[in-house]
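Before any comments, here is the structure.
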Amino acid sequence: HLCRIVVFCKDRRGILLDVSTVVTDKACNIMDVHSETLTPGREAAFQYTVHLQDAGQLAQLLEAVAKVPGVVRVRRENLEELMSESPAAFWANCYPLPGETDGPP
């Protein structure tokens, strides 16, 4: 099954490699990667299109990616659709909500 996930994070040197390493470890295959950076050193988002065997593998992938330092939120979504709906709301995903620490809610 093909699946898209969007990873919202604090931009830093090596974060794309760190996230990609985890995705490679947990998914059958990475079919595509798309990255966007709003402000270098601040906001970044990566969309991975991956091949997965089942929902259990997806759950493991989401959990593992959420643990990467700097990752704020992981969503099973389409990056282009999210950004076209509201760019401001899209980039707000790179920041924890009040009371949250880094990592998904």
Side-chain angles (χ1 to χ4, degrees):
H1 305 285
L2 285 179
C3 179
R4 286 189 184 123
I5 64 166
V6 180
V7 180
F8 295 95
C9 53
K10 296 176 184 173
D11 185 41
R12 63 170 169 80
R13 183 179 178 169
I15 192 151
L16 179 60
L17 175 62
D18 292 348
V19 173
S20 294
T21 299
V22 170
V23 173
T24 298
D25 183 51
K26 297 296 180 187
C28 293
N29 196 15
I30 297 175
M31 306 303 289
D32 184 62
V33 179
H34 178 86
S35 67
E36 293 283 342
T37 302
L38 180 64
T39 307
R42 295 194 55 196
E43 307 94 352
F46 312 129
Q47 176 177 277
Y48 290 87
T49 304
V50 295
H51 183 258
L52 301 169
Q53 293 178 345
D54 55 37
Q57 190 177 23
L58 173 61
Q60 290 176 358
L61 171 64
L62 296 175
E63 182 179 338
V65 170
K67 292 179 182 176
V68 174
V71 169
V72 176
R73 193 163 282 105
V74 184
R75 295 176 59 177
R76 185 177 176 194
E77 298 278 354
N78 180 298
L79 186 145
E80 288 82 12
E81 289 176 9
L82 287 173
M83 191 175 282
S84 70
E85 290 171 8
S86 170
F90 176 86
W91 290 112
N93 282 291
C94 292
Y95 295 95
L97 296 172
E100 277 184 347
T101 57
D102 284 358

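FYI, side chains are in, hydrogens and waters are out, and symmetry mates aren't considered; it's all heavy atoms of this structure.
Two different hydrophobic clusters hold Tyr95 and Val71 under the rule that ILVMFWY side chains link at heavy-atom gaps under 4.5 Å. Under the 4.5 Å side-chain heavy-atom criterion for grouping Ile, Leu, Val, Met, Phe, Trp and Tyr, Met31 is not connected to Leu79 through any hydrophobic cluster. Taking hydrophobic clusters as Ile, Leu, Val, Met, Phe, Trp and Tyr residues chained together by side-chain heavy-atom distances below 4.5 Å, Val50 does not share a cluster with Phe8. Leu82 and Leu38 fall within the same hydrophobic cluster, where Ile, Leu, Val, Met, Phe, Trp and Tyr residues are linked whenever their side-chain heavy atoms come under 4.5 Å apart, directly or through other members. Under the 4.5 Å side-chain heavy-atom criterion for grouping Ile, Leu, Val, Met, Phe, Trp and Tyr, Ile5 is connected to Val68 within one hydrophobic cluster.
For the atom pair Phe90 CZ and Glu81 CD, the distance stands at 12.0 Å (nearest 0.5 Å). Taking CG from Asn78 and CE from Met83, the interatomic distance works out to 11.0 Å, rounded to the nearest 0.5 Å. A distance of 9.0 Å separates OG1 in Thr21 from CG in Asp25, rounded to the nearest 0.5 Å. Note: Thr24 OG1 to Ile30 CD1 = 3.5 Å, rounded to the nearest 0.5 Å. Summarising the geometry, atom CG belonging to Asn93 is positioned 11.5 Å from atom CD belonging to Glu43; distances are rounded to the nearest 0.5 Å. The distance from the CD atom of Glu63 to the NZ atom of Lys26 is 8.0 Å, given to the nearest 0.5 Å.
The side-chain heavy atoms of Asp11 and Arg42, taken from C-beta on, include no pair separated by under 4.5 Å. Considering only heavy atoms from C-beta on, Gln57 stays 4.5 Å or farther from His1 through its side chain. Looking at heavy atoms from C-beta onward, Arg76 lies in side-chain contact with Cys3 at the 4.5 angstrom threshold. For the pair Val65/Phe46, no side-chain contact is recorded, criterion being any heavy-atom separation below 4.5 Å from C-beta on. Inter-residue side-chain proximity for Val6 and Glu36 is flagged as unmet; no heavy-atom pair is nearer than 4.5 Å.
Under the rule for a side chain to side chain donor-acceptor pair (under 3.5 Å), the partners of Ser20 that lie at least two apart in sequence or sit in another chain are Tyr48. For Glu77, the side chain to side chain donor-acceptor pair (under 3.5 Å) criterion is met by Arg75, not counting sequence neighbours.
Closest approach of Gln53 and Cys28 over heavy atoms only: CG-SG, 3.5 Å. Nearest heavy-atom pair across Pro96 and Val72 is N-CG1, 3.6 Å. For the pair Ile15 and Cys9, the tightest heavy-atom approach, listed with the atom from each and the gap, is CD1-CB, 3.7 Å. Taking all atoms of both residues into account, the shortest heavy-atom contact from Ala44 to Cys94 is O-SG, 3.4 Å.
Checking each of Val23, Leu17, Val22 against Val19 for a side chain to side chain contact (heavy atoms under 4.5 Å, CB included) leaves exactly one that passes, namely Val23.
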